[in-house]
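When a residue number appears, it is its place in the shown sequence, counting from 1.
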Amino acid sequence: MKTKSLLIALAVCLALASVVYSTSIVNSKHDLSAILVNMNGSYNQYNQVCVYCHTPHGGGTIAPLWNKSTPAGPYNIYTSSTMDSTVGNPPSGISRACLSCHDGTAAVDAIINAPGTGTAWGGANSTYHRKMNTVGDASSCYVCHNGVATTDHSMAYLGTDLTNDHPIAMTYPATSDFNTPTDAQKGWGGSAANDIKLYGGKVECASC
């Protein structure tokens with residue numbers, strides 16, 4: 001009964017999200033059920049959109065209902081002597097959720113819980129897992145996403161060296177040089193597309 005209630009609540013949340021935001025995960029760049037659908041053997045096709053990131057129970061600890069393991073790192077984080085803030089290392093949960101694919105250390109189709117319906121190509125223990133990196137070997141998405149076979153997605157491959165990226169897990173500075181957020185913990189978290197969210201008072205990947 002609890003699982004059924006959770007699934008109903010999740011369905012309601014997703015329905016509300018589809019109303020609030022004009023775009024949908026379906027057929028977006030994060031819809032792995034649709035990407036390379038005609039290239040058999042490229043990654044595990046679970047025939048479900050949400051399962052690549054979410055599970056109704058027994059998920060990971062880095063984000064609610066997260067269906068991927070916590071990325072191990074370690075990460076090299078952006079630092080500067082002129083920063084008015086501190087940067088956490090390792091990054092906070094919501095950013096680590098993004099990094100669980102985008103740091104290239106784990107396959108984008110490697111999940112904790114397989115769905116109850118749908119069949120993974122090659123079976124539950126398939127070797128088709130592909131990592132988001134630019135190594136270009138058989139385990140890499142870059143075999144195809146190299147700008148030749150298909151669109152070059154190398155800009156999405158962050159790796160574990162984040163020294164040249166915008167700081168994340170950064171406490172939002174409480175100085176006159178920065179705009180004061182509506183809520184010190186949640187930022188400017190309304191429904192408008194240009195609102196910027198803080199997570200526990202921090203700038204994270206999902207803030208942008």
Side-chain angles (χ1 to χ4, degrees), residues 1-35 44 46-73 75 77 87-118 120 124 129 132 156 158 160 162 166-172 181-193 195-208:
M1 184 63 70
K2 289 183 178 179
T3 301
K4 183 177 180 180
S5 298
L6 180 58
L7 290 173
I8 292 172
L10 181 59
V12 170
C13 288
L14 292 174
L16 289 174
S18 67
V19 173
V20 172
Y21 300 102
S22 59
T23 58
S24 169
I25 191 72
V26 177
N27 294 322
S28 74
K29 60 186 176 182
H30 285 118
D31 181 357
L32 299 186
S33 68
I35 296 174
N44 282 316
Y46 298 114
N47 298 318
Q48 293 187 15
V49 176
C50 302
V51 72
Y52 292 94
C53 295
H54 300 289
T55 182
H57 55 81
T61 59
I62 51 177
L65 307 179
W66 202 247
N67 203 15
K68 297 184 69 66
S69 299
T70 301
Y75 297 100
I77 301 294
V87 178
N89 192 9
S92 306
I94 193 68
S95 289
R96 293 183 87 177
C98 299
L99 289 168
S100 63
C101 277
H102 288 273
D103 72 358
T105 62
V108 297
D109 57 341
I111 58 177
I112 295 173
N113 293 318
T117 59
H129 296 307
M132 187 176 281
L158 298 178
T160 58
L162 307 178
H166 190 286
I168 54 175
M170 177 187 79
T171 302
Y172 189 82
T182 305
D183 185 309
Q185 294 299 304
K186 298 180 180 180
W188 299 262
S191 59
D195 284 345
I196 298 173
K197 293 183 179 180
L198 299 179
Y199 295 82
K202 294 182 178 181
V203 176
E204 301 287 0
C205 291
S207 296
C208 296

Does [X] reach the side chain of [Y], with side-chain heavy atoms less than 4.5 Å apart?
X	Y	answer
Ser92	Tyr199	no
Thr55	Ile111	no
Lys202	Thr171	yes
Tyr75	Asn89	yes
Ile168	Val203	no
Ile112	Ser69	yes
Leu99	Ile62	no
Pro91	Ile77	yes

Between His30 and His102, what is the ring plane arrangement, given parallel below 30°, perpendicular above 60°, and tilted in between?
perpendicular
Please report the interatomic distance CG(Asp109) to SG(Cys101), rounded to the nearest 0.5 Å.
8.5 Å
Going from CD on Glu204 to NE2 on His166, what distance comes out if it is rounded to the nearest 0.5 angstrom?
11.5 Å
Taking [X] for the side chain and [Y] for the main chain, is one N or O donor matched with an acceptor at less than 3.5 Å?
X	Y	value
Lys68	Ala107	yes
Asp31	Val49	no
Tyr46	Leu32	no

In sequence, state the C-alpha distance, the side-chain angles, and the governing distance for Trp66 and His54, and then conclude on side-chain contact (heavy atoms from CB on, under 4.5 Å).
CA-CA 5 Å; Trp66 202 247; His54 300 289; 3.7 Å; yes
Output all residues satisfying side-chain hydrogen bond (donor to acceptor under 3.5 Å, both in side chains) with Thr105, sequence neighbours left out; order by chain, then residue number.
Asp103
Residue pair Pro115 / Val51: nearest heavy atoms and the distance that separates them:
CD-CG2, 3.6 Å
